[in-house]
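Data first, discussion second: the structure below is written as structure tokens.
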Amino acid sequence: LYTYFTGNPRWPSSKSQLTYAFTSTSSVSISTSTLSTVISRAFSRWAATTTLTFTEVGSDSDPDITIGFYSGDHGDGEPFDGVLGTLAHAFSPTDGRFHLDAAEQWVAEGDVTTASSDAAIDLESVAVHEIGHLLGLGHTSVESAIMYPTIKTKTKKVELAEDDVVGIQNLY
Ligand code: TQI
Ligand code: ZN
Ligand code: ZN
């Protein structure tokens, strides 16, 4: 079953039109347009089942959500650990920070299941999971759900399960 963070934090109803911006992407080899497309697709999964909307804006326009790639210790007390291990993290509402480990072999285009590296990680799959955290979902015991606390390398898992949908709809 789905869970929430302690105290059930959520974005307030006065703020259902959320904005996001990329703040640190220079350390990764994915083009900014590919990044925009993949992350937009990940947000769409959650927008489809809530009344929330997500719009990309420039990083200078005070976005609600910031997305960036970082390596090792990047100043928030949750250092990244190189290839595999922690892939990304996102903070609970209404913090809005979503960080990705720049050391991972991110796959943003093409078929991750046939990637040559055994450590290839599908960016869209991780983004759908982390956006769940950004919106207030914790982990679930339902294995088919996006919020289940495990992801395999070379695997794509981007469709919300009923458990994710009920979880987000009971919060918003
Ligand atoms: N990152 C962990 C995660 O997102 C970080 C984390 C642990 C966390 N507990 C948390 C973040 C509670 C917010 C709230 O779960 S991870 C998955 C998983 C990771 C894990 O790099 O281990 C995915 C990143 F668990 F689903 F496989 C993406 Cl999809
Ligand atoms: Zn971080
Ligand atoms: Zn998680």
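Read the numbers this way: they start at 1 and go in the same order the structure lists the ligands and their atoms.
The immediate protein surroundings of ligand 1, defined as residues with any heavy atom under 4.0 Å of it, consist of Phe5, Thr86, Leu87, Ala88, Ala90, Val126, His129, Glu130, His133, His139, Tyr148, Pro149, Thr150, Ile151.
You'll find the ring centres of Phe98 and His133 outside the 6.0 Å limit.
Looking at Leu135 and Tyr172, their side chains come closer than 4.5 Å, going by heavy atoms from C-beta outward. Side-chain contact between Trp46 and Leu134 is absent, with no heavy-atom pair separated by less than 4.5 Å. Between Lys154 and Gln105 there is no side-chain heavy-atom pair separated by less than 4.5 Å. Between Leu87 and Asp101 there is no side-chain heavy-atom pair separated by less than 4.5 Å.
Protein N/O/S atoms closer than 2.8 Å to the Zn ion (ligand 3): His129 NE2, His133 NE2, His139 NE2.
In this structure, His89 and His74 have parallel ring planes: the angle between them is below the 30° cut-off, well short of the 60° mark. Relative orientation of the Phe43 and Tyr20 rings is parallel, given thresholds of 30° and 60° on the angle between their planes.
Around the CG atom of Asp62, the shell of radius 6.0 Å holds no more than 12 heavy atoms that belong to other residues, nucleotides or ligands. More than 12 heavy atoms of other residues, nucleotides or ligands lie within 6.0 Å of CD in Gln169, so this atom counts as buried by the packing criterion.
When the Zn ion (ligand 2) is compared with the N/O/S atoms of Asp76, atom OD2 turns out nearest. The Zn ion (ligand 2) sits nearest to atom ND1 when only the N, O or S atoms of His99 are considered.
Residues Asp76 and Tyr70 have side chains that never bring a donor and an acceptor to within less than 3.5 angstrom of each other.
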